[in-house]
Amino acid sequence: MNLQAILDDIVATLRPELGRSGKVADYIPALARVPADQFGIALRTADGQEVASGDSATPFSIQSVSKLFSLTLGVRALDEKLWERIGREPSGNPFNSLVQLEREQGVPRNPFINAGAIAVADRLLSVGDGLDDLLAFLRSLTGETITVDEEVAASEAATGFRNVALANFMKSFGKIDNDIPAVLDVYFRQCAIRMDCRQLARAAAFLCRDGVHPLQRTEVLGVRQARRINALMLTCGTYDAAGEFAFRIGLPCKSGVGGAIVAVVPDELTVCVWSPALDATGNSVLGMRALELFVARTGMSVF
Ligand code: GLN
């Protein structure tokens with residue numbers, strides 16, 4: 001299969017659509033300034049071949065895609081114990097919703113909604129160095145320098161009132177151990193990490209390799225743990241659009257409001273698409289279209 005031709009064709013097909021539909025996330029002021037007319041795609045095969053097209057080397061704010069890597073660190077450090085504080089069910093609600101938390105006693109539905117990722121950040125602070133561990137992990141996975149966009153982090157910290165509410169609400173149920181400002185600092189800064197499509201496809205590669213590190217023979221996760229992360233991506237990785245993603249794409253995916261979506265084809269490859277304009281559920285409009293085209297042209301699906 002000529003993967004380069006497939007990616008180039010997806011870029012050519014979608015380029016005329018750039019800027020036509022969706023809206024760049026504007027509830028985080030620093031993200032509202034990102035030009036919408038950008039599109040990149042990159043993949044890495046299980047045996048290490050890397051293929052890219054479009055704006056695949058343009059860095060962006062990874063936002064909620066960071067939740068994939070913080071969860072991986074949490075599972076590595078705590079394994080089953082992580083699930084004492086976090087559920088594994090799709091929420092069926094927007095990623096920043098507060099409603100279920102009250103009824104469910106401060107236990108977030110899953111680690112990919114904001115409340116769940118804030119709870120994971122709390123756990124990471126209890127077992128290690130929080131953000132420093134996450135950055136070191138991403139550097140190891142990519143073999144490259146990975147940094148935080150401090151302007152985006154400050155912008156989120158200044159306007160993230162819902163996240164402050166979610167953290168305090170969980171704390172009121174005794175479900176957060178560390179100080180709220182410290183936990184939110186990890187969360188806001190992990191969302192503000194800057195990476196490009198190429199780096200994200202590489203960093204996520206352990207998920208298509210039964211947990212084996214992309215660049216080394218070491219284990220990032222055990223086989224069962226890696227499969228479970230893929231299961232969570234399929235059921236919860238794209239918030240209240242997870243059903244639609246499973247229906248239209250049929251791959252485990254994790255999205256972020258920076259416009260990136262990482263998808264896993266188990267045993268085959270990982271792919272990252274990025275285009276900043278989002279639909280109402282916070283998922284990249286052209287990213288989703290690109291993944292549909294990719295699946296149609298390669299026949300790859302978990303179903
Ligand atoms: N930083 C964003 C927030 O907390 C992340 C949301 C997302 O990417 N879905 O709202």
Side-chain angles (χ1 to χ4, degrees), residues 22-34 36 59-71 86 90-101 108-122 124 130-131 134 148-170 176 180-181 183-195 197 200 204 232-233 235-242 244-245 253-263 272-285 287-288:
K23 219 164 109 272
V24 172
D26 55 8
Y27 73 100
I28 301 170
L31 290 186
R33 295 195 280 275
V34 177
F60 48 79
S61 189
I62 70 170
Q63 292 295 316
S64 285
V65 180
S66 66
K67 296 171 182 172
L68 191 53
F69 301 101
S70 59
L71 172 65
I86 301 159
S91 69
N93 278 304
F95 57 80
N96 55 8
S97 172
L98 284 126
V99 293
Q100 277 164 345
L101 268 187
R109 273 283 170 111
N110 67 68
F112 291 149
I113 51 174
N114 289 10
I118 291 167
V120 172
D122 176 57
L124 292 184
L131 190 85
L134 186 59
V148 170
D149 183 329
E150 295 296 344
E151 193 199 336
V152 173
S155 181
E156 285 216 51
T159 56
F161 304 113
R162 268 182 176 265
N163 291 321
V164 176
L166 288 167
N168 279 293
F169 207 42
M170 287 188 284
I176 296 283
I180 298 292
V183 174
L184 287 173
D185 185 60
V186 174
Y187 176 74
F188 288 137
R189 297 183 78 223
Q190 75 175 69
C191 290
I193 289 172
R194 268 162 79 77
M195 291 173 74
C197 289
L200 273 178
L232 288 167
M233 289 171 77
T235 53
C236 314
T238 50
Y239 321 113
D240 43 338
E244 189 69 8
F245 266 75
C253 293
K254 183 73 209 83
S255 60
V257 293
I261 308 173
V262 169
C272 176
V273 291
W274 168 65
S275 192
L278 310 176
D279 66 14
T281 62
N283 294 298
S284 169
V285 175
M288 192 170 186

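One-based numbering, in listed order, for ligands and for the atoms of each.
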| message | Suppose we screen for side-chain contact (heavy atoms from CB on, under 4.5 Å). Which residues come up paired with Asp279, at least two apart in sequence or across chains? | response | Thr281, Asn283, Val285
Ligand 1 N/O to protein N/O, distances under 3.5 Å:
residue, atom, partner, partner atom, Å
ligand 1, 1 (N), Gln63, OE1, 2.5
ligand 1, 1 (N), Glu156, OE1, 2.7
ligand 1, 1 (N), Glu156, OE2, 3.1
ligand 1, 4 (O), Asn114, ND2, 3.1
ligand 1, 4 (O), Asn163, ND2, 2.8
ligand 1, 4 (O), Tyr187, OH, 2.7
ligand 1, 8 (O), Ser64, N, 3.1
ligand 1, 8 (O), Ser64, OG, 2.6
ligand 1, 8 (O), Val257, N, 2.8
ligand 1, 9 (N), Ser64, OG, 3.0
ligand 1, 9 (N), Tyr239, OH, 2.8
ligand 1, 10 (O), Tyr27, OH, 2.6
ligand 1, 10 (O), Asn114, ND2, 3.2

| note | One should read off an interatomic distance between Leu98 CG and Leu166 CG, to the nearest 0.5 angstrom, of 4.5 Å
| query | Which heavy-atom pair separates Asn110 from Ser91 by the least distance, and what is that distance? | reply | ND2-N, 3.8 Å
Contacts under 3.5 angstrom, residues 26-33 side chains, donor-acceptor by atom type, not counting sequence neighbours:
residue, atom, partner, partner atom, Å
Asp26, OD2, Lys23, NZ, 3.3
Arg33, NH2, Glu151, OE2, 2.4

| note | Contacts of Asp185 meeting side-chain contact (heavy atoms from CB on, under 4.5 Å) (sequence neighbours excluded), chain-then-number -> Arg189
| Over all atoms of both residues, closest heavy-atom pair of Ile180 and Ala167 | CD1-O, 3.5 Å
